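Encoded as structure tokens, the structure appears first; notes follow it.
Side chains included, hydrogens not; waters and symmetry mates left out as well; all remaining heavy atoms used. Being a predicted model, the structure only gives us computed values, none of them experimental.
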Amino acid sequence: METKYKHYNAYFTDVMGKAWALVISYPDTEETKRYPQVKDVRLGIPPVTLTTESEDAIAPIVKGRLSFSLLEVRGTERYRHLAQAPEGAVSVYLLELPEQVPTGGVAHLFEALTPWEADRNAFWVGTLDPESYKEPANQDTGYLVSFEASDFGYMSRVTLTKEFAYDDRCDLKPRENLFVLVQKLLKRGLTGWVAEKYKEYRANSANLMAGNVAHCYTRYTGTLYMGAEQTPTVFDERQFLFDTSQFFLDKEEPISVLEALERVLSALGLRIEQAAGTFFITDMSVLDGDARDKFLSPKINNPIGRAWLGASPMEVMGDDGELSLHSSYSNVVVNTRTYLDALSWEMELPKIDSFVPWKRVLRTLSDGTKVGAWSYRTTDIVGEYKQAALLETKAESMGEDNEFYALVWNPKSIHGRCLADAHPRETTLFLMNVNAWEQLPNYRGVYVNKALIRIDENLEIQPFKDYFATFVHLLHDSFASVASLKDKEEAMKYANKVSKYRDMLNSPGFLGGIRGESFSISIPNDISDVGDLRLCLDVPLLLSMNSNIYDEFNVDTGAKLNLWADNAYGEYHQLDYGAENSKRTIRGSQVFFNEFANQFVDITIMFKMVALDKYGDGKVYLVRKGDAFLWGNQPPSSIDEYPYLMYGGGKGVKWGGVTHVKSTEQGDKYECLICPYPPKGYSRIELELDSRPIFYVRYRDSLTRFTDWKLWSVPSAILIQAPKLWLSDRQGRKVSELSKERSERFTFSDATRESQDLDIHFSSGYRIPAVSPSIIYYPAGTMPDTIGKDRAYPTDYMLSAYMAQRFGRVYGSLPSRGYELSGTFAWEVFPHNRQYMDMEWIPVSREIDIQQGTEHGTYHQVRPYSSVTEHMLTPEVLEGERPLSYLNESDVLWWRMPRLIRR
């Protein structure tokens, strides 16, 4: 339901006679339904105070906070509802009015907020902080209630999940340019009435909120002089591309929108601050007082039209000025985070509808008590045969939380098998919910268990006519009730399902995908020429001859089933002999089924893999040619051209527990299939897995496919987890194993022993693989040489060195320490550097009285570029000291398949 808003208006004029308005827009609730749509309210003194603050002079975010007080005049219309409103629902914005406030006020001032028009744009926009609410506890009316609103505060509370980031309000792409990425993150932090107005803004502007974000000609814009020959090359910071996948690595504790914005800006040494209806993005080179050649007058969406950003002299407005030394550091350690783990992609399985019931699996304790072990649910809820049903498991006292595709899910099979002495034909037994015994014809005193129904391979019921000398079964006690079928009709229906599994396992060819559509993932599309990189594919597999996939079958856990007895009650004359007979039957079954399962030395699952270009039109197919595979323009033309996954590697198949793909070429060290990387320009992989695994047994000195599956031998479970892809080298090692995160120490002097640690989340790529999600891209590729407009030193192209340089100019002991200035000065609207006492200053925090036009602030000295020498920017590499040398084999698009020797 659409939220309706009501509004408080408050007016004041400053000492220069300029009119201002504060508007508070809040959602209409049951409590406020009798409140007027618009109400004029009175502010305290000072009317508003705007505070700007950052952690230090190089912090990427300058946070704004607006403080104000409202006069409570009626006990029937209090302001408590503002604090009780949902978080982020109350918008606060400050407007500069074009003229004096008319008598009686402006009834619909809130409608004046039109972000895409300079004359109707807000001067400052924020969200009410509910924790800031304060009111006296000893008055009924006539008192001031205080509040605070912040511009970036709400962004710190908004988590950036994929679902949240990719909706229509943010619409993040896997790779975004700097300019658009900042806009989208800023807009994602808007809520309430202001967010509604910005929705209209989007309808009026293809660039979201571009008019309200000013990139101020930073050091990354203009002509860069490249390489030893200093070739002039034009760059535009709006073309810098950022991989957004690092934002979503931690699903358990996702980062906030604010943290994502900080990562982007801090990597490039950029700083953002809201002023005059604009989010200014600047850097030291823009604000540097020595930069006389820079044109520092960006166009802004404000009646002023342009903002001059050159360093400005400070006008003293009080006698509280103070000069002191701030903290200084002898060195700084910059840690470059690579986020290389993001270069692995785990595809997601579809979710089972919440209404599908869970079934509990019980286990028996030593004292006979039954307790919950684990639970499962499946989309195959009616027992009909269905390839690749979804299966979810949930741990209680044992087991695991897992999601599977069930190539075979056969929990009702008891794997019962009997063999007559007189008639050696095998038959399969199923269990019915019957408690009765029937005398066997021709055998006096021998009674047959009528709960067991005998069905042959042609799905025909066979009566018990002979005394069966051999009876083996595998049924876990925890599934005895699950396996029990209601009657013969249901038993035949289930046997028909198992027969389809049997036929599937015995059939040749590629049967088709495990679901209606392929798995699809996006991959970096411009790295095929980086070097010897490969794609690794793993599809974890779980095999079980036991319905209870988390507990083994033995004499303690096996269900006690007897095929025959000495009397019509199903009892032996000697009860001890009966119990021992059941144990002996279970032991024999265990030996038999172990021998049967252990004959399988390999399993393969065929697959199709297609790479598509960014338009979805161009396709290349992974095909097998002999023992190698490569990317070609045509799909596999025969069964021998399909690539496959191998499990077992000739050493035997693992039953029970998850097993991974084997690569026999590399031994057991790497649990994956190593594939060639698609050619350059192909950015999406579509993967289709065959729904039928192929089992192999050893015959003499070679492997041959097993095609003798029977009803009794169809496994209880053949399950696969979601496929996983990741980048690796030729040996299957992940990129994160090959290139560690980089840690560098930059030393300014030994004047102190203090050290500071800084993190950088994006990199120009120096000594870090160019495929890393921490790399900043440029259309021509990664750019270790493009980060360096007007660079003073050879190391300046490293973003870590640039971060150290900025830090050193303010906080380095060079060997002299920097100064801190505090005091009251004339208010500067725009984010200038300041000049005072023949020094240059960066504002760190300010408390601005807009009515009086003053600011009380703290400022840190910024020293000239020359104060940080080239020697100071030559790092001592603490970690990641060796570059990753890839082989240049971009034209090699093949790799060897694991070999199966067939008979």
> Does Tyr376 have its ring centroid less than 6.0 Å away from the ring centroid of Trp409?
Replying inline: yes

Would you kindly say whether Tyr494 and Ser413 are connected by a side-chain donor-acceptor distance under 3.5 Å? no

- Measure from the side-chain N and O atoms of Ser484 to the backbone N and O of Ser481, and report whether any donor-acceptor pair falls under 3.5 Å. no

Output for pair (Leu725 CG, Leu687 CG), nearest 0.5 Å, gives 6.5 Å

Report task. Is it possible for you to check whether Arg417 lies under 6.0 Å from the centre of the six-membered ring of Trp712, through NZ or CZ, and within 45° of that ring's axis? Result -> yes

task = Output yes when Lys394 and Glu400 qualify as a salt bridge under the 4.0 Å nitrogen-oxygen rule, no when they do not.
result = no

Whether the Thr378 and Glu392 side chains hold a donor-acceptor pair (N or O, under 3.5 Å, no angle test) is what I'd like checked.
no

Contact check, side chains of Phe248 and Leu160, non-hydrogen atoms, under 4.5 Å:
yes

Under 3.5 Å, is there a donor-acceptor pair between the Asp243 and Ser245 side chains? yes

- request: Assess the side chains of Asn548 and Trp374: does a donor N or O sit below 3.5 Å from an acceptor N or O?
  value: yes

Query - Glu641 with Lys625: basic N within carboxylate O range, under 4.0 Å - result: yes

For the residue pair Arg263 / Gln246, report whether a side-chain donor-acceptor contact shorter than 3.5 Å exists. yes

Arg684/Glu686 ion pair, N-O < 4.0 Å:
yes

Sorted by chain and number, sequence neighbours left out, side-chain hydrogen bond (donor to acceptor under 3.5 Å, both in side chains) with Asn554 holds for Thr557

Inset, instruction - May I ask you to decide whether Lys370 forms a salt bridge with Asp477, counting only side-chain N to carboxylate O separations under 4.0 Å? - result: yes

Discussion item. I want to check a possible cation-pi pair here: Lys724 against Trp345, using under 6.0 Å from ring centre and within 45° of the ring axis as the test.
Written reply: no

Under a 3.5 Å threshold, yes or no: a donor from one side chain and an acceptor from the other, between Ser716 and His415? yes

Are Ile352 and Trp358 packed together at the side-chain level, in the sense that at least one heavy-atom pair is separated by less than 4.5 angstrom? no

Quiz prompt | No-hydrogen, no-angle side-chain donor-acceptor test under 3.5 Å, Ser397 and Arg363 | solution = yes

Of Trp709, Phe596, Phe706, the one forming a ring pair (Phe, Tyr, Trp, His ring centres under 6.0 Å) with Phe695 is Trp709

Between the side chains of Ser518 and Ser520, is a donor N or O closer than 3.5 angstrom to an acceptor N or O? no

